[in-house]
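What follows is a set of notes on a single structure, which appears directly below.
Chain A is the first sequence line, chain B the second, and so forth, proteins listed ahead of strands; every chain is numbered from 1.
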There are 2 protein chains.
Amino acid sequence: MDPQQLRTFVTVARLASFSEAARELGYTQSAVSQQIAALEADLGTALLLRRPVGPTGAGQRLLEHAAPLLVRLEAARADVARLAGAPNTRLVLGATALAVGAALGRALGEVRRAYPRVEPVVRVLAQDVLPAQVATGEVDLALVDGLAAPSDPLPLPDVGPLRTVAVAERPVAVALPVGHPLAGRAGLALADLSAARWLDAPDLTPPAARLRAAAGVDGFRPATRYQGTDLHGLLALVAAGHGLTLLPEPVLAAAPGVGYAPIAAPRLVHRIELVHGSLPEGPAALLARLLESSRG
Amino acid sequence: MDPQQLRTFVTVARLASFSEAARELGYTQSAVSQQIAALEADLGTALLLRRPVGPTGAGQRLLEHAAPLLVRLEAARADVARLAGAPNTRLVLGATALAVGAALGRALGEVRRAYPRVEPVVRVLAQDVLPAQVATGEVDLALVDGLAAPSDPLPLPDVGPLRTVAVAERPVAVALPVGHPLAGRAGLALADLSAARWLDAPDLTPPAARLRAAAGVDGFRPATRYQGTDLHGLLALVAAGHGLTLLPEPVLAAAPGVGYAPIAAPRLVHRIELVHGSLPEGPAALLARLLESSRG
DNA sequence: ATGGGTTACGTCAATCGTAACCATG
DNA sequence: CATGGTTACGATTGACGTAACCCAT
């Protein structure tokens, strides 16, 4: 099972065409055909149906394995390259939207003082792609926010040997329109809110499925979906009564126009975790040290 | 980065010898040397120091990536083979020691009635190797027990696309010698026991590091280490006052000679999860269905 | 001098491209 | 009949083994 073969296999499957895949990979259509044939011979099964081109059952299974495999291969290469190559003088930070805050601002300031020549880049991305971006070296480190039980780490996809450290932990509250009867109430149970209308903002807050798992009950039916990473827009929808959302309490305390009530059960925290691989000396390593020690 | 090259690399590193690795892999010493050279050329760095043979820094990093990568490759192959090969007529179940219980016994009985010709095999293994065993097809499915927050899945190593379902969940209690002042006490907090003497039984109960993380405090210093998967021996040590252990409450309730006290905080459960890949029709699939529906 | 990793070189297999071929819509 | 995947074939590349080499105990 050559990685090359796996790459062309996933490409063919994605484009549903041998010739398109050949073009994208810089091969002849014939070479692609031969690679697929070799892979099928190696595994002893047909992987693709031809005309129209699509995965067989076995091909479907292989596809689920192949993508993470290729990510991990690239991650391995990036990891040794990091250690072998020139000392990194850039600083690219990946982060989920809610992970960018005052603590990061302070730390970034110190890094700019120490390395005046580097221009830090902050790239806001979805939670589930960040570990892969770190592993493959597309970002140097990442700040990921999410909900978890106090004792448990965030459930992040495992894409290789990465270090994960919590750098901030805040209580969780539900955002409400001002004047909502529940606003300000203490001891709220998440399960009691399962029948309410919820806002689904996948780039900012945990999805409904996660809420159901945390509360242990069904419900949390999303009424409106908010696509975007902008907090103000989401809060405006909350204020207008379009639904509820779970957010860190300090964020809601500082937001005008919305009320909130802390969630007491189940015991949940909003946590920001720093994800990074090995960091040779440089601005990225400094930023990691600052964030780890600031813890806030 | 050919998988073959990675395999010889990890073998050379493990045996600290080119010639030994060549013997184990069925190559010439020369071929091994050439493969390592090619890999080093590909990655642009020295990976091994010669005479004595050992990994360089970059080699160390690559080793951390290579082992899981090879496991996942084998898992991919096994997964398509499962779907392509002859319908599985065997039944090999992997399980951690505490996951083998009455519910499994009942389910296994039904499987034997439905498939009188198969001889089920139950293989007791450590928690952290079971997912890999499932992925690579060495066992058909696995029952894994462990501690977790009620809403969170067990923290298992991710070795590929596997399905995980909770099949049983029980309260957690601390095992104590009979007559211990805490025995029978309700509302015990785990953190209050951090200074006690603990038994470290890595094959049966969560390690000290996990307890520290769950309780959020230091401590849980292991006094005695118990290597083995036999519950009775461990309980005998508890009864003799050699230390405390965390176990499912029903197990302790049925054990003579030991007392116990349920843990109220943090909210933890002892859960048994079923781990399996795709299961073509056969005894393994039936057992999975039975376990999933019994939930006990 | 010997054990063990490297290098040179010959052989064989694998892979790619060109081009002829065939099947499906 | 045309688009697109397969097969045949020749050329190139790469991988392994033998054997000579070299370096460090």
Exercise. Considering only heavy atoms from C-beta outward, does the side chain of A:Glu273 approach that of A:Leu156 to under 4.5 Å?
Worked result: yes

For this session: Indicate yes or no: at least one non-hydrogen side-chain atom of A:Glu292 is less than 4.5 angstrom from one of A:His276.
Result: yes

Give the rounded distance in Å between these two atoms: [atom1] of [X] and [atom2] of [N].
X: B:Asp2; N: C:dA14; atom1: CG; atom2: P; answer: 13 Å
X: A:Glu40; N: D:dT7; atom1: CD; atom2: P; answer: 10 Å
X: A:Arg23; N: C:dG17; atom1: CZ; atom2: P; answer: 14 Å
X: A:Leu25; N: C:dG17; atom1: CG; atom2: P; answer: 11 Å
X: A:Leu15; N: D:dG4; atom1: CG; atom2: P; answer: 13 Å
X: A:Gln5; N: C:dC16; atom1: CD; atom2: C1'; answer: 13 Å
X: B:Leu39; N: D:dA15; atom1: CG; atom2: P; answer: 11 Å

Problem set entry | Quiz item: A:Ser30 side-chain donor-acceptor pair to C:dT18 base, under 3.5 Å |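 Looking at the base of C:dT18, it does pair with a donor or acceptor on the side chain of A:Ser30 (distance under 3.5 Å).
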
For this session: Please state whether the base of C:dG5 and the side chain of B:Arg50 form at least one donor-acceptor pair under 3.5 Å?
Result: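 By the distance-only test, no, there is no pair.
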
Exercise. Do you know which two heavy atoms are closest between A:Pro120 and A:Val118, and how far apart they sit?
Worked result: CD-O, 3.3 Å

Problem set entry | Candidate nucleotides C:dT18, C:dG5, D:dT18, ranked by approach to the side chain of B:Thr28 - the nearest |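 Closest nucleotide to the B:Thr28 side chain: D:dT18.
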
For this session: Select one nucleotide: of C:dG5, C:dC16, D:dG17, the one nearest the side-chain heavy atoms of B:Ser17.
Result: C:dG5

For this session: Give A:Gln29 one of three labels, base, sugar-phosphate or nothing, depending on what nucleic acid heavy atoms sit under 4.0 Å from its own.
Result: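 Counting heavy atoms under 4.0 Å across all strands, the contact made by A:Gln29 includes a base.
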
For this session: Could you check whether A:Val53 gets within reach of a base, just the sugar-phosphate, or nothing at all, counting any heavy atom under 4.0 Å?
Result: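 Contact class for A:Val53: sugar-phosphate only.
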
Presence of [X] side-chain N/O under 4.0 Å of [N] phosphate oxygens OP1/OP2:
X: B:Ser19; N: C:dG3; value: no
X: B:Gln34; N: D:dC16; value: no
X: B:Tyr27; N: D:dC16; value: yes

Problem set entry | Charged N-O contact under 4.0 Å between A:Arg82 and A:Asp140 | no

Exercise. Taking 4.0 angstrom as the limit, do A:Arg77 and A:Glu74 come out as a salt bridge?
Worked result: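 No salt bridge links A:Arg77 with A:Glu74.
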
Exercise. Does A:Ile36 or B:Arg51 map to a spot on DNA chain D nearer the 5' end, using the closest nucleotide for each?
Worked result: A:Ile36

